[in-house]
Number of protein chains: 2
Amino acid sequence: MSPHEITAGCRSVTPLLARIGDKWTILIVMLLSAGPRRFNEIKRLVDGISQRMLTLTLRNLERDGLVTRTVFPTIPPRVDYALTPLGQSLRVPVMALGRWVTENRDTMERSRTAFDGREGA
Amino acid sequence: MSPHEITAGCRSVTPLLARIGDKWTILIVMLLSAGPRRFNEIKRLVDGISQRMLTLTLRNLERDGLVTRTVFPTIPPRVDYALTPLGQSLRVPVMALGRWVTENRDTMERSRTAFDGREGA
DNA sequence: CGGAATCCGCTTTGATACTG
DNA sequence: CAGTATCAAAGCGGATTCCG
């Protein structure tokens with residue numbers, strides 16, 4: 001496989017990485033993996049998220065088919081969000097990445113400290 | 001495990017995802033997995049990257065201990081970049097994510113088209 | 001309750017020019 | 001060759017206000 005073929009193949013992966021690497025997506029996916037939640041329920045549980053970003057993040061997840069949005073036409077309105085099977089399946093590779101992080105976080109942190117020390121001097 | 005514990009655990013994963021989800025990191029990691037490369041060699045192979053972003057991306061990778069930078073004090077200067085064992089190990093979970101993308105890209109794309117169709121109407 | 005609309009600052013990225 | 005410096009453009013995220 002030529003270098004250009006390698007990089008060409010990765011260009012399809014990066015967009016997803018960028019999507020789930022944004023500030024809130026993973027948090028919400030993992031939270032919903034425990035079961036459906038209402039809008040304000042998520043807002044309370046995900047510390048620090050603004051109403052705007054929660055709306056946008058959920059909308060994108062719905063658009064990608066990772067989350068379903070169910071409206072109950074009651075008063076006051078109620079909207080449930082739940083992971084689709086596709087969303088559930090995404091948890092597998094994401095948690096593999098999570099394991100890599102927990103296993104190598106200290107190594108990376110030491111590397112950073114050493115690097116920054118060399119620079120500061 | 002409580003919802004807050006779930007989201008708290010994910011907060012350590014998101015920073016890495018954000019790092020490798022940026023525009024160029026994955027491309028460079030995968031390219032270097034085939035062997036060391038010189039600066040301008042990478043620049044040629046990674047289509048569209050600017051000199052500035054290549055410098056910044058490589059510096060961050062070096063800082064995180066994923067890539068080594070070797071300077072040959074010749075004239076003209078020569079600098080080789082290579083993946084560390086840590087960088088090599090990162091390929092495993094990243095490629096798992098890559099497989100998920102290739103397996104589910106079509107499903108996601110259909111979901112997006114359907115979603116956008118509902119909106120436009 | 002669950003949003004939508006607006007404004008605004010910060011960060012990321014790119015283009016360009018210069019250097020040892 | 002392998003960078004650094006500077007500037008401008010774009011995108012992301014936050015705070016606030018309004019609505020059915």
Side-chain angles (χ1 to χ4, degrees), chain A residues 7 10-11 14-28 31-32 36-64 67-82 115 118-120, chain B residues 7 10-11 14-28 31-32 36-64 67-82 115-116 118-121:
Chain A
T7 56
C10 295
R11 288 196 185 274
T14 300
L16 176 80
L17 249 38
R19 278 272 298 105
I20 67 176
D22 73 5
K23 205 168 172 184
W24 305 109
T25 297
I26 288 289
L27 261 48
I28 292 174
L31 177 64
L32 290 182
R37 297 282 186 181
R38 300 180 58 169
F39 185 88
N40 274 332
E41 202 176 2
I42 304 175
K43 188 168 182 324
R44 272 194 307 276
L45 292 171
V46 179
D47 198 60
I49 195 170
S50 67
Q51 205 162 30
R52 170 188 151 82
M53 288 315 296
L54 180 54
T55 301
L56 289 177
T57 304
L58 286 170
R59 186 170 301 276
N60 280 324
L61 285 169
E62 186 194 1
R63 189 173 107 97
D64 290 343
V67 155
T68 57
R69 177 175 183 271
T70 311
V71 181
F72 299 90
T74 56
I75 297 179
R78 167 183 173 168
V79 182
D80 272 18
Y81 292 91
F115 184 91
R118 285 193 298 277
E119 280 206 319
Chain B
T7 56
C10 296
R11 289 196 185 272
T14 299
L16 177 79
L17 249 37
R19 277 273 298 109
I20 67 177
D22 74 4
K23 206 170 174 183
W24 306 108
T25 296
I26 288 290
L27 261 49
I28 292 175
L31 177 64
L32 290 182
R37 296 280 186 182
R38 301 180 57 168
F39 185 88
N40 274 334
E41 204 176 358
I42 303 175
K43 189 170 182 320
R44 272 193 307 277
L45 292 170
V46 178
D47 198 60
I49 195 170
S50 66
Q51 204 162 26
R52 171 188 150 81
M53 288 315 296
L54 179 54
T55 301
L56 289 177
T57 305
L58 286 171
R59 187 171 300 276
N60 280 325
L61 285 169
E62 187 195 0
R63 189 173 108 95
D64 289 344
V67 155
T68 57
R69 177 175 182 271
T70 310
V71 182
F72 299 90
T74 57
I75 298 177
R78 168 187 173 163
V79 182
D80 272 19
Y81 292 90
F115 184 92
D116 295 348
R118 286 194 296 276
E119 280 207 318

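Atom set for the values below is all heavy atoms of this structure, side chains included, hydrogens, waters and symmetry mates excluded. The chains referred to below are lettered A, B, ... by the order of the sequence lines, with proteins before strands, and numbering in each begins at 1. Model, not experiment: these values are computed from the prediction.
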Seminar exercise, completed: With the side chain defined as heavy atoms from C-beta on, Y81(A) is closest, among dG3(C), dC1(C), dG20(C), to dG3(C)

For this session: Look at the side-chain N and O atoms of R69(A) and state whether any lies under 4.0 Å from the OP1 or OP2 oxygen of dG3(C).
Result: yes

Exercise. Between E41(B) (side chain) and R38(B) (backbone), is there a donor-acceptor pair under 3.5 Å?
Worked result: yes

Exercise. What are the two closest non-hydrogen atoms of L17(B) and I26(A), and how far apart are they?
Worked result: CD2-CG1, 3.5 Å

Exercise. Charged N to carboxylate O under 4.0 angstrom, D80(B) versus R37(B)?
Worked result: no

Seminar exercise, completed: From CG of L54(A) across to P of dG13(D) the rounded distance in Å is 13 Å

For this session: Return the value, rounded to whole Å, for the distance between atom CD1 of I42(B) and atom C1' of dA2(D).
Result: 11 Å

Exercise. Rounding to a whole Å, what distance do you find between L58(A):CG and dC1(C):C1'?
Worked result: 14 Å

For this session: Can you tell me the distance, in whole Å, between the CZ atom of R59(B) and the C1' atom of dA5(D)?
Result: 13 Å

Exercise. Judged by modelled atom types alone, do N60(A) and T57(A) share a side-chain donor-acceptor pair under 3.5 Å?
Worked result: no

Seminar exercise, completed: From CG of D80(A) across to P of dG2(C) the rounded distance in Å is 8 Å

For this session: Could you please name the option among dA2(D), dG3(D), dC1(C) that lies closest to any side-chain atom of P77(B)?
Result: dA2(D)

Exercise. So does R38(B) get a side-chain nitrogen or oxygen closer than 4.0 Å to the phosphate oxygens (OP1/OP2) of dA2(D)?
Worked result: yes

For this session: Just compare dA4(C), dG3(D), dC1(D) and give me whichever is closest to any side-chain atom of F39(B).
Result: dG3(D)

Seminar exercise, completed: Protein heavy-atom contacts under 4.0 Å, written 5' to 3' over nucleotides 10-17 of chain C as B (base), S (sugar-phosphate only) or - (none), form the string ---BBB--

Exercise. With no hydrogens and no angle check, do the side chains of R69(B) and Y81(B) hold a donor and an acceptor under 3.5 Å apart?
Worked result: yes

Problem set entry | Nearest-angstrom distance from the residue atom CD of E62(A) to C1' of dG3(C) | 13 Å

Exercise. Taking D22(A) for the side chain and T25(A) for the main chain, is one N or O donor matched with an acceptor at less than 3.5 Å?
Worked result: yes

Problem set entry | Face-on cation placement of R78(A) at F72(A) ring, 6.0 Å and 45° thresholds | yes

